[in-house]
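Each remark here refers to the structure printed beneath this line.
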Amino acid sequence: MSVTRVMDEEEIRRALIRIAHEIIERNKGAQNLVVIGVQSRGVPMAKRLAKLISEIEGVEVPMGSLNVALYRDDFATRSARTISASDIPFDVTNKTVILVDEVLFTGRTTRAALDAIMDLGRPAVIQLAVLVDRGHRELPIRADYVGKNLPTSKKERVDVHWVETKGEDAVMIAK
Amino acid sequence: MQLKRKDILGLQDMTAEEIGLILDTAESYKEILSRPVKKVPILRGKSICTLFYENSTRTRCSFELAAKIMSADTTSVSVSGSSIQKGESFKDTLLTLEAMGMDLFVIRHSASGAPHFAARVVKSGVVNAGDGMHEHPTQGLLDMLTIRENKGRIEGLKVLIVGDIMHSRVARSNLWGLSKMGAEVRICGPATLLPVGVDKLPVKTYTDLDEAIDGVDVVNVLRIQLERMDRGFFPSIREYSKFYGVSKTRLKRAKPDVLVMHPGPMNRGIEITPEVADGEFAVITDQVTNGVAVRMALLYLLLGGGGSVVSA
């Protein structure tokens, strides 16, 4: 299996800073924002985005993590993974929710996440931020903020490493 | 890790890893119970049948509520009002219901081993909701979840189960589960209410409550099952209450942060005094809430692997 590194630490850092600015620009500030990371992979990125936005705007942006296991459509074909509860310590109703995941692929996880958020309340807006958009959507879903568009074949695998979990920041393609 | 079994019949034949997985899953589902919309779609299209040959309020409601929160459909069958009263056998009842497409049976029966028999008859999963004087695994699991939640662990704790041990399936499930998870289990009751072969169980046995309660972290008080007391197991209710009732004074001998549990329904003033039942150490309503979470976890884990794909 060959592995190609497509983003390094610096590129990821710059992409996240750009996304943070785009989010603030589009929403005209950060007053009404909350950031929600999709468990487990979207959480480190959500933490960083929330921190960046807070630093740039000087307001505290609440951050939560969302478990979508109970909303998946492929539950019966995958094994039940180790589970941690959703941790959303705020009300999403009337908020601008920035939903964060690392890789946008088929769109099925995002569909599950949208349903999960709707069960928690009625947000004013939900926007999607991803580090990598690798194409091959199976549902009519698109990202509002993208770190890098990465054309891939369906056979390839995109791995995102975060310092928090893998000891380094990097995006790799394995084929 | 995955739960690789079709049925949950008792905690005696489960591993510590399996019990840990169920408790972890249940813990993560408690958040759903605190939401304004208590509904997740994961078990859409699954049919669950509660088949109860004995009376129940909390177990049946708890299973049905758990199933409904997970979006499964439930059908409940009890002896009165069903063809069981026309003499339909247990086996035929099961096969009839399975032919209607039940994915899982939740069974309570007065005969020990009835769910085990059912598990051999049907291809669908079976959960034991209490069989005779044998086991009540979901009660054992919810008790362990309550202990773990309040104490942060189970391993190394001293847990006392007091009362009518012989007739109690709750006691059996608790002692098997707790000892697998590394707790020291003590049982205490009048000698007439201790089971035969008690020396083969992984427990310390006492007949003196004041001695048994000394320094324990948890007291699990069992109900005196008057409906199973066809002969005199003790001279009088009053005498039982005097020697085996858990009172505020007796509780002083336990650890200062002792937990008091009771599987319900309580006989207030007999096995437990009202001031203890409503007191600061009691977690009896927490147990009921945890029961729903534990049953949600079991339904998810049992109906999880394999089977048909739930469409988006």
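No experiment lies behind these values; they were computed from the predicted model shown. Order of the sequence lines fixes the chain letters, A, B, ..., with proteins taken first and strands second; residue numbering starts at 1 for each chain. The figures that follow rest on heavy atoms only: side chains count, while hydrogens, waters and symmetry mates do not.
Other residues, nucleotides and ligands contribute only 12 or fewer heavy atoms inside 6.0 Å of the CD atom of A:Glu25. For A:Lys166, the NZ atom sits in a packed shell: over 12 heavy atoms of surrounding residues, nucleotides or ligands are nearer than 6.0 Å. Residue-environment remark: NZ (A:Lys47) stays at or below the threshold of 12 foreign heavy atoms within 6.0 Å. Within a 6.0 Å sphere centred on CZ of A:Arg157, other residues, nucleotides and ligands contribute 12 heavy atoms or fewer. Within 6.0 Å of the NZ atom in B:Lys38, the count of heavy atoms belonging to other residues, nucleotides or ligands exceeds 12.
A:Leu70 approaches B:Tyr29 most closely through the heavy-atom pair CD2-OH, 3.4 Å. Between A:Leu120 and B:Arg35, the shortest heavy-atom distance links the atoms CD2-NE, 3.5 Å. Contact record, A:Ala85 with B:Ser28: CB-O, 3.4 Å, taken as the closest heavy-atom pair.
For the pair A:Asp87 and B:Glu31, the minimum side-chain heavy-atom distance is 4.5 Å or more.
Only the backbone of B:Lys39 comes within less than 4.5 Å of a heavy atom in chain A; its side chain stays farther off.
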